[in-house]
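Read through the structure below, which is laid out as structure tokens, and then see the notes.
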Amino acid sequence: MSKATNADHHDLAADDALRASIRQAMLDVRARTPLAQSFTNFVTINLVANAQLAAGGTAAMSYLPDDVIDIAAMCGATYINVGTLLPFYKDALGEITAALHEAGHRWVLDPVAAGLGATRTAILEAMRDVPPSLVRANASEIIALDALWGLSDGSDVGGGPAGVESTDDVDSALAAAKRVARHLRAHGGDGLGAVAVSGEVDLVTDGERVFRLPGGDMMMTKITGAGCALGGVAATYLCVADPLVAALAASLLFDRAGERAAAESHGPGSFQTEFLDALWAIDADTVSTSTILEAKR
Ligand SMILES: Nc1ncnc2c1ncn2[C@@H]1O[C@H](COP(=O)(O)OP(=O)(O)OP(=O)(O)O)[C@@H](O)[C@H]1O
Ligand SMILES: Cc1ncsc1CCO
Ligand SMILES: [Mg+2]
């Protein structure tokens, strides 16, 4: 598939309403300290919680269905990540996602390693009819999710799952990302939904509008869980903003924070520390005035 060129895009105008919404979402998170709970993998759980706190929210992690369902009633959004599977997850996630859907509660799905293994496939397939508000994933995972939800027209053939890392570039997931976003909007209840595909240039779409966000730093791929933390912070923003705005705000904050951390650090260990400091330090104006390339329709 050909790469989009700059002629196909324009930077969003300074007075575009989306920029004001992104700025407001950041200010609201820092003013209100919203709680987004997580059901997430145990490799990166600590980074997810710390990133949510650094971005201005609060965190609570749980795996027990009645606990997660009770917390959902008192928090703004939930983050669900299928990275490390345990035997009880299939039943627990089925019960939790059905209840969240019934309650109209907003949640973010991180379909880590989508396409890998029969149990993960069954878990993700069951989410098709009770979908999240926002899917945050790398390109390979979006291509796999689109296929296993039966949305694919067969034109995108991804590299397939190779574990938790992407084997596909972000643009190759464009059609899949748009189909998944449209599915979320059609089945999510409130008509809202968005997909955030992370990579060297992030791609965010609500199924109609497509935005590309250049930036970040390759050091983000040298710590585990930058993507998981991005999903967790997207859930933090989802407490105060629509899925499209939450996806853009979180992705832009991560890009700016990654750049700042790379300039201050000297390897993966200090990068992670500097990255949390940067999530804390970067202001709403820096994020909302970032380059946001919208594709011509
Ligand atoms: N090559 C790159 N250059 C700049 N930024 C990048 C690059 N690759 C990823 N990023 C950034 O890193 C963050 C995480 O994206 P990534 O695609 O690595 O997620 P992921 O594969 O789900 O990660 P994980 O599963 O380890 O949590 C995003 O903010 C993204 O913009
Ligand atoms: C390394 C790893 N294994 C399962 S989840 C995870 C974190 C990155 O997604
Ligand atoms: Mg990931």
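Counting starts at 1 for both ligands and their atoms, in listed order. This one's a predicted model, so the numbers in the text were calculated from it and none came from an experiment.
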**Asked** Pick one: which of L248, D255, L252 meets side-chain contact (heavy atoms from CB on, under 4.5 Å) with V287?
**Response** L252
**Item:** Ligand-side contact atoms (ligand 2) for residue partner V112, heavy atom cut-off under 4.0 Å
**Value:** 9 (O)
**Request:** Identify the two heavy atoms, one from K90 and one from A122, that lie closest to each other, and give their separation to 0.1 Å.
**Result:** CE-CB, 3.5 Å
**Request:** Could you say whether the N/O atoms of C228 and ligand 1 ever approach to under 3.5 Å?
**Result:** yes
**Prompt:** Would one find more than 12 heavy atoms of other residues, nucleotides or ligands at under 6.0 Å from atom CD of E208?
**Reply:** yes
**Asked** Hey, does G225 sit under 4.0 Å from ligand 1 if you only count heavy atoms?
**Response** yes
**Message:** Quick check: D202 and ligand 1, any N/O pair under 3.5 Å apart?
**Reply:** yes
**Request:** Answer with side chain, backbone, both or neither: which part of A113 has a heavy atom less than 4.0 angstrom from an atom of ligand 2?
**Result:** neither
**Verify same cluster id: L145, L134 (apolar side-chain graph, 4.5 Å)** = yes
**Contact atoms of ligand 2, heavy-atom distance to T44 under 4.0 Å** = 7 (C)
**Prompt:** With only distance considered, is L230 within less than 3.5 Å of ligand 1 through an N or O on each side?
**Reply:** no
**Message:** Could you tell me, atom by atom, which parts of ligand 2 come under 4.0 Å of a heavy atom of T84?
**Reply:** 4 (C)
**Asked** Hey, are the side chains of Y63 and L86 touching, using non-hydrogen atoms and a 4.5 Å cut-off?
**Response** no
**Prompt:** Side-chain donor-acceptor pair under 3.5 Å between D67 and S62, yes or no?
**Reply:** yes
**Request:** Using distance alone, decide if ligand 1 has a nitrogen or oxygen within less than 3.5 Å of any nitrogen or oxygen in G199.
**Result:** yes
**Asked** Heavy-atom contacts under 4.0 Å between M220 and ligand 1: side chain, backbone, both, or neither?
**Response** side chain
**Asked** Can you find a side-chain donor-acceptor pair between R19 and T289 that sits under 3.5 Å?
**Response** no
**Message:** Going by the rule ring pair (Phe, Tyr, Trp, His ring centres under 6.0 Å), which residues pair with H183 if we only count those two or more places apart in sequence or in a different chain?
**Reply:** W149, H187
**Request:** Taking only heavy atoms of G215 into account, list the atoms of ligand 1 that are under 4.0 Å away from them.
**Result:** 4 (C), 5 (N)
**Request:** For ligand 1, note which part of R256 has a heavy atom under 4.0 Å away: side chain, backbone, both or neither.
**Result:** neither
**Request:** Just go through D255, D217, N81 and tell me whose heavy atom is the nearest to atom 4 (C) of ligand 1.
**Result:** D217
**Close side-chain approach of S172 to I143, heavy-atom, < 4.5 Å** = yes
**Prompt:** Does the N or O separation between S251 and ligand 1 drop below 3.5 Å for any pair?
**Reply:** no
**Prompt:** Are any of the side-chain heavy atoms of S133 and H105 separated by less than 4.5 Å?
**Reply:** no
**Request:** Show your working on side-chain contact (heavy atoms from CB on, under 4.5 Å) between I80 and T78 and close with a plain yes or no.
**Result:** CA-CA 7 Å; I80 294 180; T78 295; 3.9 Å; yes
**Request:** With heavy atoms of F254 as the reference, note each atom of ligand 1 found under 4.0 Å away.
**Result:** 29 (O)
**Message:** Tell me whether ligand 1 is touched by T221 - counting only heavy atoms on the residue side and a distance under 4.0 Å.
**Reply:** yes
**Item:** Closest to atom 15 (O) of ligand 1 among A226, A262, S198 (heavy-atom distance)
**Value:** S198
